[in-house]
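Read through the structure below, which is laid out as structure tokens, and then see the notes.
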Amino acid sequence: MPVGGNADDHPDADLAVLGEPQRVGRFRYWLADRRWEWSDTVARMHGYEPDAVVPSTELLLQHKHPEDRAQVAEVLKRVVEGEPFSSRHRIVDTSGQVHWVIVVGDRMLDDEGCALGTAGFYVDVSDVLQADISAGVSEVAQSRAVIEQAKGVLMVAYGISAERAFDILVWRSQETNIKVRDLAARFLAAFTGRLPSDVLSDLDHTLLTVS
């Protein structure tokens, strides 16, 4: 998801208006001044009110579960180099509550293709009550198959539940102003045939040996 960036464009600028799912939030990391930006949802995942704290690499590591801190430190090395990444780990908020999160990031590029930093999203995959889904839910039944396929890809890729995979599709639908079913179809079309050869080899082996 290479994107252009504007330093005045806060991560919440588009999501707040459209109704961001409260388990999915955005972040940005700017290479030039090594600056983090959190959406309001990401701040609350860590136990802070919006704008109550200035996020930093050190603060992020403080909130990682002790057993996951070394793993996340390696991921953060990729972030500060402007590289794409994904991670599934635990964070501990200011009240001591543990949250399982999926964090996914990709490069932000300027118009010349130079790296500006990293942008991505957090998904809280803890066992919480399912929130009301956005108004587009009524359209899901008409395109159940393609949405279920897209959910399946996300579930396998990130090791998450069907509900959280759907949260991601709804969030991206809101960001892009594309209907969930259309977004799912485009996602599948773009992804088809792009698995690395080593992943395909593992898939073939598993398919032929599972019993």
Side-chain angles (χ1 to χ4, degrees), residues 1-3 21 23-27 45 64-79 81-91 98-109 115 118-131 133-134 136-137 139-176 178-211:
M1 94 184 155
V3 296
R23 292 172 303 279
V24 183
R26 290 179 58 179
F27 75 90
M45 284 181 192
K64 304 309 177 186
H65 192 281
E67 295 177 7
D68 298 338
R69 198 165 288 152
Q71 166 205 337
V72 175
E74 290 301 314
V75 172
L76 286 174
K77 290 180 182 178
R78 302 188 66 180
V79 176
E81 293 171 359
E83 295 297 324
F85 74 93
S86 64
S87 177
R88 185 174 187 268
H89 58 266
R90 289 163 289 182
I91 62 175
V98 176
H99 304 257
W100 275 100
V101 294
I102 301 290
V103 187
V104 179
D106 203 350
R107 296 180 298 165
M108 293 190 295
L109 304 177
T118 305
F121 59 91
Y122 278 69
V123 187
D124 189 332
V125 294
S126 307
D127 187 16
V128 298
L129 294 176
Q130 178 69 31
I133 304 303
S134 65
V137 169
E139 302 176 76
V140 170
Q142 302 172 24
S143 304
R144 176 67 62 184
V146 68
I147 292 174
E148 290 299 321
Q149 289 174 44
K151 284 167 55 180
V153 171
L154 294 172
M155 290 165 66
V156 171
Y158 299 139
I160 58 178
S161 68
E163 290 78 11
R164 297 302 175 263
F166 187 62
D167 285 346
I168 295 174
L169 291 175
V170 171
W171 172 70
R172 285 295 294 155
S173 171
Q174 293 172 338
E175 276 213 316
T176 57
I178 299 172
K179 291 181 179 180
V180 174
R181 63 170 181 265
D182 295 335
L183 178 80
R186 295 183 193 184
F187 170 70
L188 290 171
F191 193 79
T192 300
R194 293 177 55 188
L195 285 178
S197 58
D198 56 338
V199 176
L200 284 173
S201 177
D202 287 346
L203 188 152
D204 293 342
H205 176 76
T206 302
L207 179 63
L208 294 173
T209 58
V210 69
S211 60

- Message: To the closest 0.5 Å, what do you measure between CE (Met108) and OG1 (Thr118)?
- Response: 6.5 Å
- Taken to the nearest 0.5 Å, the spacing of Arg164 CZ from Ser126 OG works out to 8.0 Å
- Task: Would you check if the side chain of His65 reaches a backbone N or O of Glu67 as a donor-acceptor pair within less than 3.5 Å?
- Result: yes
- Message: Strictly distance-based, threshold 3.5 Å: is any side-chain N or O of Arg181 a donor or acceptor partner for the main-chain N or O of Arg144?
- Response: no
- Message: Nearest 0.5 angstrom please: Tyr122 OH to Arg26 CZ, how far?
- Response: 14.0 Å
- Item | Contacts of Val153 that satisfy side-chain contact (heavy atoms from CB on, under 4.5 Å) - sequence neighbours left out | Phe187, Leu188, Phe191
- Task: Just say parallel, tilted or perpendicular for the rings of Phe121 and Trp171, cut-offs at 30° and 60°.
- Result: tilted
- Message: Test of understanding: with side-chain contact (heavy atoms from CB on, under 4.5 Å), list the residues that count as partners of Ala115, not counting sequence neighbours.
- Response: Leu31, Leu109
- Spacing of Leu183 atom CG and Arg172 atom CZ [to the nearest 0.5 Å]: 7.0 Å
- Heavy-atom pair with the smallest gap, counting every atom of His89 and Val72: CG-CG2, 3.6 Å
- Query: What residues, two or more places apart in sequence or in another chain, satisfy salt bridge (Lys or Arg N to Asp or Glu O under 4.0 Å) together with Lys64?
  - Reply: none
- Message: Could you work out, with side-chain hydrogen bond (donor to acceptor under 3.5 Å, both in side chains) as the rule, every residue matching Gln71, not counting sequence neighbours?
- Response: Ser87
- Task: Only counting residues at least two apart or in another chain, list the ones meeting side-chain contact (heavy atoms from CB on, under 4.5 Å) with Glu74.
- Result: Lys77
- Query: Can you name the side-chain contact (heavy atoms from CB on, under 4.5 Å) partners of Ala165, sequence neighbours left out?
  - Reply: Lys151, Leu154, Met155, Ile160
- Message: Using 0.5 Å steps for rounding, measure from the CD1 atom of Ile91 to the CG atom of Asp68.
- Response: 11.0 Å
- Query: Can you tell if the side chain of Val103 reaches within under 4.5 Å of the side chain of Phe85, non-hydrogen atoms only?
  - Reply: yes
- Message: For the OH atom of Tyr158 and the CZ atom of Arg88, what is their distance to the nearest 0.5 Å?
- Response: 13.0 Å
